[in-house]
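Chain naming here is simple, since letters A, B, ... match the order of the sequence lines and numbering starts at 1 in each.
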Amino acid sequence: MASTSISVSAAESPAFSFSASTFQKLHPVEFFRKFISQGVRPDGRLLEGFRPTTVHKNVVSTANGSAMVRIGGTTVICGVKAEVAEPKMDSPNQGYLVPNVELSPMCSSSFRPGPPSEQAQAVSEAINRVLKESKVLDLTDLCIEEGKAVWALWADVSCVSYDGNIYDAALLSVMTALSDVRIRKPTYNEGIIKVSGAEILDDENSFTLNLARTPLSATFSLFDSSMALLADANAAEEAICQGEISVTLDEKGQICALSKVGAASSSQTLLRQCIATARTRTDELRSIIRSQ
Amino acid sequence: MDRKRVPGPELTVPPLVEYALDQKRWSPQEECRHDANRQPEDLRPIYLKTGLISQASGSAYIELEKTKIACGVYGPRPIKKSGYGFSGTGTLNCEFKFATFACVKRRNHIRDPQERELSMILTQALTPAVRLELLPKSAIDVYITVLECDGLSSCFAAAITAASVALAHAGIEMIDLVAACSASYVIMDRTLSSAVPPPSTTSDSAPAAVSLRPPTIIMDADLEEEKFEEGSIMVAYMPSLNEVTHVLQNGKVDRSIVSQSVEHCIEACNKIYAVMRHALVESIDEKQTR
Amino acid sequence: MARLDTTRTSAHQLRPFSSSQNLLNRADGSAQFDFGGSSVLCSVVGPAEVKLRDEKLNKATLEVIVRPLVGLPGVKDKACERAIRETLEPIVISALHPRTLVQIVVQTMKDNGSILSTALNAAIMALLDAGIPLNSIIGSVTCIIDSKTNEILLDPTTEEIARAKSTHVFVFDNKSSIPSSTSASMDVDISNDDDGSPRPLFSESTGLFTEEEYLECVNISFKACQAVHGFIRTAVSKKIEKEHQQTQA
Amino acid sequence: MAPPVQNTPAEQQDGEQYESGLHVILPGDLLPPTQSQDSEDVVMAPVIKLGPGLQPMSDESIVAVKAGILQSTASANRWWVQSNQKRYVPSSGESVIGIVRGKTAEHYKLDIGAAHPALLGVMAFEGATKRNRPNHEASILGDLLYCRVALANKDMDPELECFNPTTGKADGYGGLEGGHVFKVSLGLARRLLDPKTLVLRLLGQHIPFETAVGINGRVWINSASASHTILVCNAIKNSEYLSPKECESMVKSLIQKM
Amino acid sequence: MKDTEPSKNEREFLLEALREGARIDGRKFYDFRTLRISFGSDYGAVEVQLGNTRILAKVSCEVIRPYADKPTEGFLSFSTEISPMASTVFEAGRQTDEEVLVSRMIEKAMRRSRALDTEGLCIIAGEKVWSIRVDIHFLDHDGNLADAACIAAITALMHFRRPDVTVVGEEVTVHPIEQRNPVPLSIHHIPISVTFALFDKGERMVVDPTYLEEQIMEGDLALTLNVHKEICALSKAGGMPLELEKVVQCSKIAAVKVQEITEQIEAALAADKKKR
């Protein structure tokens with residue numbers, strides 16, 4: 001990769017030449033434009049290429065369900081914890097499913113300590129909306145005693161390493177973790193909820209979630225007014241892209257969410273292209289999940 | 001009310017866990033450790049790897065069986081906040097955080113007093129090893145996230161170990177690495193019969209059990225073992241200089257036991273040191289092969 | 001098929017628009033935009049002094065603040081702020097005012113559905129009122145697909161949204177016809193894909209729907225947005241002429 | 001302004017025409033390109049200059065960036081969009097009223113209502129020399145100064161001067177003593193620059209007062225008595241959206257109230 | 001963004017004018033600016049304009065569980081976060097002194113003076129009560145936010161209707177507004193706040209100060225009364241000392257103003273009722 005970029009930059013400025021990395025620092029956008037115009041990306045990927053992705057279930061035993069997801073340099077861990085809460089007055093038999101994404105200063109220098117950044121909030125909300133509006137889980141399944149007690153599922157995503165495309169990674173981890181959730185069957189008695197402390201959990205003493213569907217996403221960044229599509233952008237690419245198209249699909253190929261923000265207006269050809277690529281990508285992801 | 005996160009119910013509690021009478025559960029009376037094939041002085045196998053955080057100056061990931069900790073180091077970078085004026089030496093600040101799902105009871109997103117305290121201790125334990133005098137007006141930030149905690153003091157010791165490896169991986173000048181290890185005092189005695197299972201939250205206050213037999217020093221205790229501990233000790237130590245940077249002891253035990261356990265910890269630290277070196281050498285090799 | 005909103009006879013009928021500009025004295029520009037029972041007031045300040053922390057050397061900093069009608073702002077509103085900002089960033093010619101702040105505050109006044117669209121329309125009119133340089137104007141509408149009838153309903157009310165199987169928000173600019181040569185930077189046109197079909201500038205869809213349904217929503221909403229453009233043009237023109245005539249000494 | 005563009009302007013684009021016959025233009029609207037036959041009629045295609053509110057696009061086309069009325073000089077070689085707004089964006093040569101906010105060895109820092117503070121060199125006064133420092137030494141925070149924008153450029157803080165560069169004389173620039181200052185829209189300020197503006201003329205018939213108008217939307221009024229000044233200020237404020245008739249009656253009623 | 005100080009000329013002119021018995025906007029010392037009250041389509045939404053100061057108040061309600069120690073007590077809460085829309089002086093999420101003062105004023109005037117009968121909000125003792133929430137949105141700031149907010153809040157509460165409920169034993173049914181006529185809240189009295197800006201060591205006092213007057217005033221005095229001349233709150237936030245008889249004088253003036261404003265509010269409500 002280094003070699004290509006040097007030649008590119010040299011070609012750019014015959015007068016004086018400097019290393020690819022210097023060129024990238026000085027003119028990040030120009031640096032990228034050179035690559036993009038040749039249909040490749042500095043990390044050697046093609047424009048529509050996704051980074052290697054791995055998924056591991058049940059990685060945290062203190063959580064009822066958990067998953068670790070890696071997409072290139074981005075690593076997230078989702079842990080789902082089931083605790084007991086009082087239901088809302090207007091929905092006495094519904095539990096809670098609360099997703100939150102934490103972008104801590106540990107995972108990238110671009111995040112400051114303190115309350116969640118706008119980005120973290122936006123991603124959390126996006127996942128929250130997908131779970132709610134594509135009806136992933138029937139919240140009445142989480143009822144323990146109507147009007148008295150329900151399960152609250154805290155699906156917290158902790159980003160260990162940030163290198164772009166957090167939405168795809170976070171959603172993938174949340175869905176995998178939810179599919180991994182096992183909750184001990186509760187008994188309700190005068191406001192006290194008890195569960196058995198049995199060592200081995202089976203369908204006798206515990207239950208799993210019955211998920212209506214598994215929405216997974218593919219996100220594309222829009223580079224420059226040429227609206228070049230970069231699949232699964234890394235942090236450096238995100239920094240110089242003006243817009244984003246994100247497609248979320250379930251296993252039946254239904255669209256659960258589709259968003260296009262920033263950059264110039266995008267043709268329907270472009271949108272169709274994204275949806276098509278997203279189909280193949282999410283199918284891959286499903287087989288990755290199954291394979292482990 | 002947290003306005004910056006997807007809102008959930010104000011209050012949630014873990015359900016009460018009820019154990020069947022006939023259910024067989026580990027307790028020190030069995031005179032073996034929770035993990036029966038571990039001798040009192042045995043540590044859990046350590047998995048230690050550098051460089052999993054792509055954007056960080058240096059990083060390390062450590063695993064002691066269930067315990068999992070990630071650490072990222074950023075810097076040295078210029079101190080953001082003005083008003084501090086000129087500082088001749090750099091500052092090292094550590095932030096220690098449990099992931100919400102890392103412990104038996106769900107942790108809050110906002111740092112609690114315990115996490116603040118541990119952050120402070122972490123700074124104290126690491127600072128002696130870092131040559132801050134070479135880094136005027138700059139700061140090094142060490143961020144630690146515990147992904148799963150199986151035994152508090154052992155987890156904390158592991159955090160120190162991981163942090164010092166991450167610092168080294170960031171290429172920050174240090175006079176030595178800091179290895180840390182913990183030990184718990186547990187009375188392994190039949191006389192302490194009908195051991196009622198203490199509430200699952202017991203991690204700090206040890207059950208006040210009176211006994212004639214002195215407690216056994218068990219190294220690198222896990223959560224189950226901690227539940228029964230009389231007290232515990234954590235030692236942070238610079239192996240090649242043979243200097244201790246921090247000792248954290250709690251609970252009431254005989255002086256002799258303390259000094260003895262310090263010995264044990266230092267021994268253990270030397271074992272851990274080997275693992276740390278190996279991890280760092282590996283990372284250098286990787287750099288070269290790239 | 002009758003709508004839940006009985007005031008309307010057809011699925012593609014929008015609620016009556018109304019708007020007024022320059023109704024706040026403190027702000028540099030302001031506008032209120034109504035879709036029937038939904039109303040949003042928007043203020044614009046700028047180009048103004050910017051905090052050093054947010055200063056950009058080559059362009060103006062765009063800040064969007066969204067305030068709900070009931071309760072304190074939460075993650076939902078943050079998500080809206082982001083959507084609005086990222087939609088307006090390519091519209092505002094920020095390169096003309098480097099090292100300055102353009103602050104847009106969005107306040108819901110009445111909420112009966114389609115609030116994000118109402119807000120976006122209010123925002124563009126407030127920007128026009130403030131005289132912030134823009135490379136085009138935008139218009140926004142929301143539509144849903146009814147879960148019972150599978151019909152596409154434009155500009156839905158809260159009640160209708162509650163029965164939606166999917167919700168779609170769209171923004172179109174008024175130069176969809178003109179090839180997009182907006183950005184000051186020179187273009188490297190590799191994905192030359194001007195298929196002549198309506199080109200959404202912003203699109204946010206949630207729920208459950210198919211690709212065909214989505215594209216149909218795009219095309220229906222595009223027509224509706226042209227009506228919005230037309231309205232904005234007339235409203236702004238009328239105001240400008242009024243001012244002008246009143247000053248004929 | 002924007003660089004001159006080789007083009008001969010055609011007659012106005014036939015967008016919606018209103019009874020007024022005004023051509024209201026909105027951001028994104030294109031200035032019509034030249035029809036070939038026109039250019040043949042024209043002996044030599046003149047360079048047209050773009051004024052406020054118009055920008056040339058990368059593809060040679062000219063697009064409006066502000067909402068307003070498309071205006072052009074009789075010779076049709078200068079085109080601009082006449083629009084009104086509140087926020088001042090400095091442009092050199094304009095007269096503005098500033099409030100002194102700070103002072104360094106070389107500069108006064110003035111608030112002229114723009115995004116950035118404006119700098120007024122301590123030497124930028126009539127007959128100022130190293131030896132004979134201008135009397136404005138005394139000037140301190142909160143003073144009003146009537147100045148001329150000497151340099152305005154989007155990438156630099158604007159610079160002011162307190163004299164007319166052609167004559168080198170003060171020509172009325174300098175400190176504004178006493179009186180009252182208030183904000184109006186930039187459009188109204190521009191109109192008030194003309195002393196024959198209706199509202200000023202009407203008021204002048206009844207009340208003697210001095211005035212200084214800053215293009216930055218600040219108007220300074222001073223008169224014999226506070227009550228007079230107040231009346232004048234409010235009359236001017238109210239006049240903004242009034243037709244000549246309404247304006248006359250408004251002033252009349254105010255005068256009667258006195 | 002920081003607040004921009006008025007120029008010396010403005011400061012001196014304003015004081016000079018006051019000494020000549022005039023205010024810059026042509027008002028008399030004890031005149032309020034023109035008060036406009038307009039109602040939204042739904043109950044409990046009120047927009048109040050006091051000159052150029054503009055405020056929207058929106059009342060909403062929900063059923064919640066009461067505190068164990070006050071089983072029959074409903075809830076009344078106010079949100080008075082000042083939006084940057086009112087003025088760039090205010091930053092989103094960062095509280096200014098002004099905001100604190102306004103919210104305290106509202107608290108005192110509305111809650112402490114028990115303007116609203118919170119007992120009347122009980123549905124089932126210890127089980128279900130109404131929680132009434134008033135969101136006050138500051139849209140445009142040309143001085144005297146407190147008085148305007150107070151007017152907006154009480155008017156909104158008087159305009160508001162909550163859904164009717166029927167209780168059969170433990171069963172509570174909340175009837176949507178469309179199905180059954182909603183119920184007004186029971187308001188004990190109408191507290192109105194009148195703020196005086198003080199100049200020249202209290203020699204000169206004006207009511208309903210504009211933004212410029214607020215910037216220049218030496219201190220202020222805020223009185224909250226109702227038509228029965230009961231003082232619900234009185235605050236003299238810092239500034240210069242003030243003789244007692246001045247305070248008495250103010251309360252006399254305030255009483256008159258309260259009368260006027262109350263009548264305006266009631267007229268506006270009556271007019272709106274006719275329309276529905």
Side-chain angles (χ1 to χ4, degrees), chain A residues 59-64 66 68 72-75 77-88 96-100 102 104-110 113 115-117 120-121 124-125 127-128 144 150 152 154 156 158 160-163 184 186-187 192-199 234-235, chain B residues 2-20 23-25 51-57 59 61 65-66 68 70-75 77 80 93 95 97-107 109-111 141-145 147-150 197 200 223:
Chain A
V59 290
V60 177
S61 63
T62 44
N64 295 69
S66 61
M68 155 141 45
T74 296
T75 308
I77 295 191
C78 175
V80 180
K81 252 176 145 13
E83 294 199 318
V84 178
E86 204 177 80
K88 292 210 199 75
Y96 303 83
L97 173 53
V98 190
N100 269 301
E102 203 72 6
S104 76
M106 180 184 81
C107 65
S108 163
S109 53
S110 48
S117 62
Q121 295 182 56
S124 301
E125 174 61 12
I127 292 173
N128 187 34
I144 298 172
V150 295
W154 299 97
D156 290 309
S158 169
V160 175
S161 171
Y162 182 88
D163 191 12
R184 294 166 186 269
T187 57
I192 298 160
I193 295 93
K194 289 191 178 146
V195 297
S196 102
E199 287 288 330
N234 63 28
Chain B
D2 188 343
R3 284 159 60 174
K4 290 180 153 51
R5 291 188 175 84
V6 174
E10 282 85 37
L11 176 72
T12 65
V13 292
L16 286 180
V17 183
E18 192 175 36
Y19 297 94
Q23 191 174 337
K24 192 178 161 308
R25 298 182 59 215
L52 81 159
I53 303 179
S54 45
Q55 307 282 309
S57 329
S59 61
Y61 173 79
E65 285 178 346
K66 285 183 175 175
K68 299 178 190 65
C71 173
V73 170
Y74 291 88
R77 48 188 180 188
K80 288 277 181 299
N93 70 73
E95 289 206 8
K97 183 87 195 72
F98 287 102
T100 54
F101 46 78
C103 306
V104 176
K105 175 154 183 23
R106 180 173 184 268
R107 291 265 180 175
H109 286 287
I110 296 126
R111 280 208 297 165
D141 297 298
V142 179
Y143 299 106
I144 285 144
T145 307
L147 299 165
E148 183 171 356
C149 169
D150 185 11
S200 55
L223 196 60

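- A distance of 9.5 Å separates CD1 in A/I77 from OG1 in B/T145, rounded to the nearest 0.5 Å.
- B/Y143 has its side chain out of reach of A/C107: every pair of non-hydrogen atoms, C-beta onward, lies at least 4.5 Å apart.
- Panel note: side chain A/T62, backbone B/V104; no donor-acceptor pair is recorded below 3.5 Å.
- Top candidate by heavy-atom pairs under 4.5 Å with chain B, chosen from A/S109, A/P115, A/P105, A/S158, is A/P105.
- For the pair B/P15/A/V84, a side-chain contact is recorded, criterion being any heavy-atom separation below 4.5 Å from C-beta on.
- The residues A/E199 and B/R25 are annotated as not salt-bridged, no charged nitrogen and carboxylate oxygen being separated by less than 4.0 angstrom.
- Under a 4.0 Å N-O distance rule, the pair A/E83/B/R106 does not qualify as a salt bridge.
- Between the side chain of A/K81 and the backbone N or O of B/A102, no donor-acceptor pair lies under 3.5 Å.
- Between A/E86 and B/P9, every side-chain heavy-atom pair lies at or beyond the 4.5 Å cut-off.
- At distances below 3.5 Å, at least one donor-acceptor pair connects side-chain atoms of B/Y74 with backbone N or O atoms of A/S108.
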Check step by step if side chain to side chain contact (heavy atoms under 4.5 Å, CB included) holds for A/S161 and B/L52. CA-CA 7 Å; A/S161 171; B/L52 81 159; 5.5 Å; no
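- With a threshold of 4.5 angstrom between heavy atoms, A/I192 approaches chain B through side-chain atoms but not through N, CA, C or O.
- Side chain of B/K68 to main chain of A/V59: a donor-acceptor pair is present (N/O by atom type, distance under 3.5 Å, no hydrogens or angles).
- Judged purely by atom type and a 3.5 angstrom limit, B/Q23 uses its side chain to pair as donor or acceptor with the backbone of A/G197.
- Looking at A/N128, the atoms closer than 4.5 Å to chain B (heavy atoms on both sides) all sit in the side chain, from C-beta outward.
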Please evaluate residues B/E148 and A/S66 with respect to the criterion side chain to side chain contact (heavy atoms under 4.5 Å, CB included), reporting the C-alpha separation (whole Å), side-chain torsions for both, the decisive distance (0.1 Å), and the verdict. CA-CA 11 Å; B/E148 183 171 356; A/S66 61; over 6 Å; no
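- Between chain B and the residues A/P87, A/S196, A/S124, the most heavy-atom pairs under 4.5 angstrom are made by A/S196.
- Within the 4.5 angstrom heavy-atom criterion, only backbone atoms of A/A198 (N, CA, C, O) approach chain B.
- Interface check for chain A: of the options B/E10, B/R111, B/E18, the most heavy-atom pairs under 4.5 Å are formed by B/E18.
- Taking A/V98, A/V150, A/V160, A/V195 one by one and counting their heavy-atom pairs under 4.5 Å with chain B, the maximum is reached by A/V195.
- Here the side chain of A/E102 pairs no donor or acceptor atom with the backbone of B/H109 at under 3.5 angstrom.
- Rounded to the nearest 0.5 Å, atoms CG (B/L16) and CD1 (A/I193) are 8.0 Å apart.
- Between the side chains of B/T100 and A/W154, no donor-acceptor pair of N or O atoms lies under 3.5 Å.
- For the pair A/M106 and B/E95, the minimum side-chain heavy-atom distance is 4.5 Å or more.
- Checked by atom type and distance alone, the side chain of B/T12 never pairs as donor or acceptor with a backbone atom of A/A152 at under 3.5 Å.
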